[in-house]
Amino acid sequence: MSDAEPRPSTDFIRSIVNEDIRTGKGDGRVHTRFPPEPNGYLHIGHAKSICINFGIARDYGGKCNLRFDDTNPVKEEQEYIDSIIEDVRWLGFDWEDRLFYASDYFGTLYEYAVKLIEKGKAFVCDQTPDEVRECRGTLTEPGRNSPYRDRSVEENIDLFERMRAGEFPNGARTLRAKIDMASPNLNMRDPVMYRILHASHPRTGDKWCIYPTYDFTHGQSDSIEGITHSICTMEFEDHRPLYDWHLDALGIYHPRQIEFARLNLTYTLMSKRRLHQLVKDGHVTGWDDPRMLTLCGMRRRGYTPEAIRNFCDRIGVAKADSVVDFSFLEHCLREDLNRRAWRMMAVLRPLKVVLTNYPEEKTEELDAVNNPEDEAMGTRKVPFSRVLYIEREDFMEDPPKKFYRLAPGREVRLRYAYFIICDEVVKDANEEIVELRCTYDPATRGGDAPDGRKVKATLHWVSAEHALDAEVRLYDHLFTKENPDEAPKGQDFTANLNPDSLEVLSGCKLEPSLSGAKSGDLYQFERLGYFCVDSKDSTPAQPVFNRTVTLKDAWAKAQAIERK
RNA sequence: UGGGGAGUGGCCAAAUUGGCAAGGCUCCUGACUCUGGAUCAGGUAAUUGAAGGUUCGAAUCCUUCCUCCCCAGCCA
């Protein structure tokens, strides 16, 4: 094995896992978890986290739990729980019987809290939110102790029990960890462990009126589940000392928290707050709008789980802030679609072509390849007749040098059909081109000339008589700027919304094989891009297709550069 | 001006721990082609944030500095 493959480099998290296994930490066990808060829909950034957590479990023969971090009933809803379960499953991951909720542990967490009170490591504080803020200090100044910090264990226990019993209104008291108000890490300045929230919880209903905070919940939940590596994003790095403090104070099993940089993508926004805003303010049609980088939006757009997973596996895992080019996501998408999608012909902006030397009543069935990348996908028949549609942009009356499609007097090939020559351009009163009159060469049936002559272009087409009508939705980036947050003074990201992010085309002409198209089928409309049936709005009578992504298009690119 | 992180071609990102700067995306050529797709071949692009220092040798070690990100929710 002299020319061994260079071993794929391991990211820093896997290096840590390797080291832990080598040193026998945790008996060589690997157990991760994906811990979403059910307060919104999952997006491509979550996919990265999902792929890391489930991927590491898979690679090391370990396990990965799905755990909802549902400690804030005022923001969380069953709708989100349902969508998250659906999306993680769709992405292709399996948590077997390990679907958990932090709320499953509310009882245990309460006991843990009592334990810390008994150890003198927690106290009930009567300060108002404003007073807490007041005493917290600033980035450069230490905080001051709460006047309630030195209550007796008995009084703390009594008050905490009464908090639980519902004796006090929201915000009246909190349970706080007794750590260090002078800590340079603000998270360590006696952080709140429990707050009073008279709110109904999607899972526990009205059983509780006090709820543990993230900091008092996450590590203990990890501990309870026997998590070995608790992987989260960088903004929690400051919380790690607190994560560790709770676990040590409690003296329970202590997982290790590891932080990585969250995903950013050009032309897209990832924060849930702003995703909410886009939906709420009607800039998109919903969480599953195909322009959204939510998993449900991407699914509706035609992204495959395979493409998303491959993308996540290839972008790498590191701690430095980064912004991945959107074109890389598209690259991964096309790579998958190219080898799986059925090739079809569809004309989006039809231009009528009449073959003047083709018999009026005649129809032929021509053979077309379903996928040149995969012979096993076979061939199909495509009907051909005297009147056809071609793409408007495939004809130019007065073409520039680099344009080598159809033009007056020029010969091109109709894919899988015949060579045709354009003899005449028919215009209406407004000088609009409404029809092309062409002649075909019967000897070129199937697309090859027996005399060996070549044509520069091959066009897609659809027989008018046999065509299916459809609506096609073309999508572009939701934002015009690589960084949507880069807005003019006084304006926010909505100033960068792309007015052309959606273009709806009606009266598109599809080849008849598409009549059986159903949601989830992957298609390439030849020379145009990849398309899918819209899962919401399409009906057999009125089909609606979404453009998932265009094909790479050297001609379009050259034109775009020329226009600049 | 406290604390915590991070800086490697335009964008991600490796570099077996001091040994002669991978790979992918983008971009540009060319070949091939019944998709201006795919594929194949090649190319442009990095004094590794900066300056000093140690060393035969530094992206890796030491000093100083610069820049960016996160933290003052009873959100996660």
Side-chain angles (χ1 to χ4, degrees), chain A residues 6-11 35-37 39 69-72 74-76 125 127-129 132-133 136-143 170-176 183-189 191-197 210-211 213-215 217-218 232-241 259 261 266 272-273 314-332 334-335 338-339 343 345 368-369 372-373 402-405 413-417 419 444 446-448 454-460 482 524-529 550-558:
Chain A
R7 106 181 99 82
S9 51
T10 43
D11 59 72
E37 184 193 11
N39 67 343
D69 223 324
D70 55 347
T71 58
N72 186 1
V74 316
K75 288 191 176 173
E76 297 154 7
C125 180
Q127 286 187 309
T128 64
V132 171
R133 191 177 314 120
R136 184 156 29 226
T138 66
L139 294 179
T140 51
E141 302 159 32
N170 287 355
R173 289 180 222 263
T174 57
L175 182 71
R176 295 227 253 162
S183 172
N185 180 346
L186 304 226
N187 293 119
M188 300 299 272
R189 322 245 260 227
V192 170
M193 297 162 59
Y194 265 93
R195 68 303 205 178
I196 299 170
L197 249 29
I210 56 171
Y211 291 92
T213 58
Y214 164 84
D215 285 310
T217 305
H218 204 91
C232 61
T233 43
M234 291 301 292
E235 68 269 26
F236 292 103
E237 195 150 31
D238 285 342
H239 293 248
R240 194 173 62 224
E259 311 84 10
T266 55
K272 272 194 210 168
R273 204 202 101 240
R314 293 217 264 162
I315 49 177
V317 185
K319 300 182 75 147
D321 287 340
S322 64
V323 184
V324 175
D325 271 339
F326 197 89
S327 62
F328 186 57
L329 212 210
E330 292 186 325
H331 168 81
C332 294
R334 290 191 183 105
E335 193 174 75
N338 176 50
R339 57 174 179 251
R343 309 294 130 115
M345 291 198 284
V369 173
E373 308 292 319
K402 299 285 259 301
F403 183 89
Y404 49 79
R405 275 112 93 145
R413 169 169 40 232
L414 295 180
R415 180 143 230 225
Y416 300 125
F419 285 12
T444 58
D448 285 304
K454 300 286 183 195
V455 287
K456 196 87 162 91
T458 299
L459 308 187
H460 61 278
E482 283 202 5
Q524 181 193 105
F525 291 175
E526 294 216 29
R527 302 209 303 133
L528 298 173
T550 62
L551 250 28
K552 284 201 346 198
D553 187 344
W555 167 242
K557 189 188 292 174

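Naming convention: chains lettered A, B, ... in sequence-line order (proteins, then strands); numbering from 1 in each chain. Computation of the quantities below employed the complete heavy-atom set of this structure, encompassing side-chain atoms and omitting hydrogens, waters and symmetry-equivalent molecules.
The residue A:Ala556 sits apart from the nucleic acid: no heavy atom pair falls under 4.0 Å. Contact annotation for A:Phe326: no contact, since no heavy-atom pair falls under 4.0 Å across all strands. A:Leu551 comes within 4.0 angstrom of a base, heavy atoms only. Using a 4.0 Å heavy-atom criterion, one finds that A:Pro372 contacts the bases of the nucleic acid, with or without backbone contacts as well. Residue contacts shown for A:Arg314 are limited to sugar-phosphate atoms, with no base heavy atom under 4.0 Å away. Using a 4.0 Å heavy-atom distance criterion, A:Ser183 is classed as making no nucleic acid contact. Residue contacts shown for A:Ser327 are limited to sugar-phosphate atoms, with no base heavy atom under 4.0 Å away. A:Asn72 comes within contact range of the sugar-phosphate backbone alone, with a heavy-atom separation under 4.0 Å but no base atom that close. Contact annotation for A:Phe236: base contact, defined as any heavy-atom pair under 4.0 Å involving a base atom. Counting non-hydrogen atoms under 4.0 angstrom, A:Ser322 reaches the backbone sugars and phosphates but no base. Counting any heavy atom pair closer than 4.0 Å across all strands shown, A:Val74 reaches no nucleic acid atom. Heavy atoms of A:Asp448 sit under 4.0 angstrom from at least one base atom. At a threshold of 4.0 angstrom between heavy atoms, the contacts of A:Gln127 include nucleobase atoms, whether or not backbone atoms are also involved. Contact annotation for A:His460: no contact, since no heavy-atom pair falls under 4.0 Å across all strands.
The phosphate of B:rA76 (OP1 or OP2) has a side-chain N or O of A:Thr71 nearer than 4.0 angstrom. At B:rC69, none of the side-chain N or O atoms of A:Lys319 fall inside 4.0 Å of OP1 or OP2 (strictly under the cut-off). The phosphate of B:rU35 has neither OP1 nor OP2 within less than 4.0 Å of any side-chain N or O from A:Lys552. An OP1 or OP2 oxygen of B:rG37 is reached within less than 4.0 angstrom by no side-chain nitrogen or oxygen of A:Arg339. When the side-chain nitrogen and oxygen atoms of A:Lys75 are compared with OP1 and OP2 of B:rA76, none of them lie within a distance under 4.0 Å. In this model, the phosphate group of B:rC75 is approached by a side-chain N or O of A:Arg195 to a distance below 4.0 Å at OP1 or OP2. An OP1 or OP2 oxygen of B:rC71 is reached within less than 4.0 angstrom by no side-chain nitrogen or oxygen of A:Arg136. The shortest distance between the side-chain N/O atoms of A:Arg527 and the OP1/OP2 oxygens of B:rG36 is below 4.0 Å. Checking the phosphate oxygens (OP1, OP2) of B:rC74, no side-chain nitrogen or oxygen of A:Arg173 falls inside 4.0 Å.
Here the side chain of A:Ala318 is nearest to one of B:rA13, B:rC71, B:rA38, namely B:rA13. Nearest to the side-chain atoms of A:Thr174 among the listed nucleotides B:rC74, B:rA38, B:rG36 stands B:rC74. Picking from B:rG37, B:rA76, B:rG5 the nucleotide with the shortest atom distance to the side chain of A:Glu237 gives B:rG5. Among the nucleotides B:rG3, B:rU35, B:rG2, the one closest to the side chain of A:Arg343 is B:rU35. In this structure, the nucleotide among B:rA72, B:rC71, B:rG36 sitting nearest to the side chain of A:Thr138 is B:rA72. Residue A:Ala554 has its side chain nearest to B:rG36 when only B:rC28, B:rG36, B:rG73 are considered. The side chain of A:Asn338 lies closest to B:rG37 when the candidates are B:rG4, B:rC69, B:rG37. For A:Asp238, whose side chain is taken as the heavy atoms from C-beta onward, the closest listed nucleotide among B:rC70, B:rC12, B:rU35 is B:rC70.
Judged by distance alone with a 3.5 Å cut-off, a donor-acceptor contact links the side chain of A:Asp325 to the base of B:rG10. If you check distances only, the side chain of A:Arg334 never reaches the base of B:rG37 with a donor-acceptor pair under 3.5 Å. A donor and an acceptor atom never sit less than 3.5 Å apart when one is taken from the side chain of A:Glu235 and the other from the base of B:rG4. Not a single donor-acceptor pair, N or O on each side, falls under 3.5 Å between the base of B:rG36 and the side chain of A:Asp553. The base of B:rU35 lies close enough to the side chain of A:Gln524 for a donor and an acceptor atom to sit less than 3.5 Å apart.
Judged by distance alone, the side chain of A:Arg173 and the main-chain N or O of A:Thr128 form no donor-acceptor pair under 3.5 Å. In this structure a side-chain-to-backbone donor-acceptor pair under 3.5 Å is present from A:Asn185 to A:Asn187. Not a single donor-acceptor pair under 3.5 Å links the side chain of A:Arg136 to the backbone N or O of A:Leu186. Remark: the backbone N or O of A:Val192 is not paired with any side-chain donor or acceptor of A:Arg176 at under 3.5 angstrom.
Classified by interplanar angle (parallel below 30°, tilted 30° to 60°, perpendicular above 60°), the ring pair A:His331/A:Phe328 is parallel.
Remark: A:Thr138 OG1 to A:Arg133 CZ distance equals 14.0 Å, nearest 0.5 Å. Put simply, CG on A:Asn39 and CG on A:Asp70 are 11.0 Å apart, with the number rounded to the nearest 0.5 Å.
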Run A:Phe403 and A:Trp555 through ring-ring contact (aromatic ring centres under 6.0 Å, His included) and show every step you take. CA-CA 8 Å; A:Phe403 183 89; A:Trp555 167 242; 5.6 Å; yes
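Side-chain contact annotation: A:Thr458 with A:Arg413, donor-acceptor N/O pair under 3.5 Å present.
Base orientation for B:rG73: syn, the chi torsion being within 90° of 0. For B:rU17, the O4'-C1' to base torsion is within 90° of 0; the nucleotide is therefore syn.
Annotation: of the two residues near RNA chain B, A:His218 and A:Glu141, the 5′-most nearest-nucleotide partner is A:Glu141. Mapping A:Ala417 and A:Ile196 onto RNA chain B via the closest heavy atom, the residue that lands nearer the 5' end is A:Ala417.
Electrostatic pairing of A:Glu335 and A:Arg314 counts as a salt bridge here, judged by a charged N lying under 4.0 Å from a carboxylate O. Using a 4.0 Å cut-off between charged side-chain N and carboxylate O, A:Glu37 and A:Lys75 make no salt bridge.
Atom CG in A:Asn187 sits about 15 Å away from atom P in B:rC70, given to the nearest Å. When rounded to the nearest whole Å, the span between CG of A:Leu175 and C1' of B:rC74 equals 12 Å. When rounded to the nearest whole Å, the span between CD of A:Glu330 and P of B:rC12 equals 17 Å. Here B:rA76 presents its P atom at 9 Å from CG of A:Asn39, a figure rounded to the nearest Å.
Taking atom P on both nucleotides, B:rA21 is separated from B:rU44 by 15 Å, rounded to a whole Å. Nucleotides B:rC61 and B:rU17 are separated by 13 Å at their P atoms, to the nearest Å. Straight-line distance between the P atoms of B:rA13 and B:rA6: roughly 13 Å, to the nearest whole Å. For the C1' atoms, the distance linking B:rC62 with B:rG24 amounts to 35 Å, nearest Å.
Remark: RNA chain B forms stems of 3 or more consecutive Watson-Crick or G-U wobble pairs, all pair distances under 3.5 Å, at B:2-7 with B:66-71, B:10-12 with B:23-25, B:27-31 with B:39-43, B:49-53 with B:61-65.
Applying the 5.5 angstrom centroid cut-off and the 30 degree plane-angle cut-off, the aromatic ring of A:Tyr214 is not stacked upon the base of B:rA76.
The two atoms that bring A:Arg189 and A:Glu141 nearest to each other are NH2-O, 2.8 Å, heavy atoms only.
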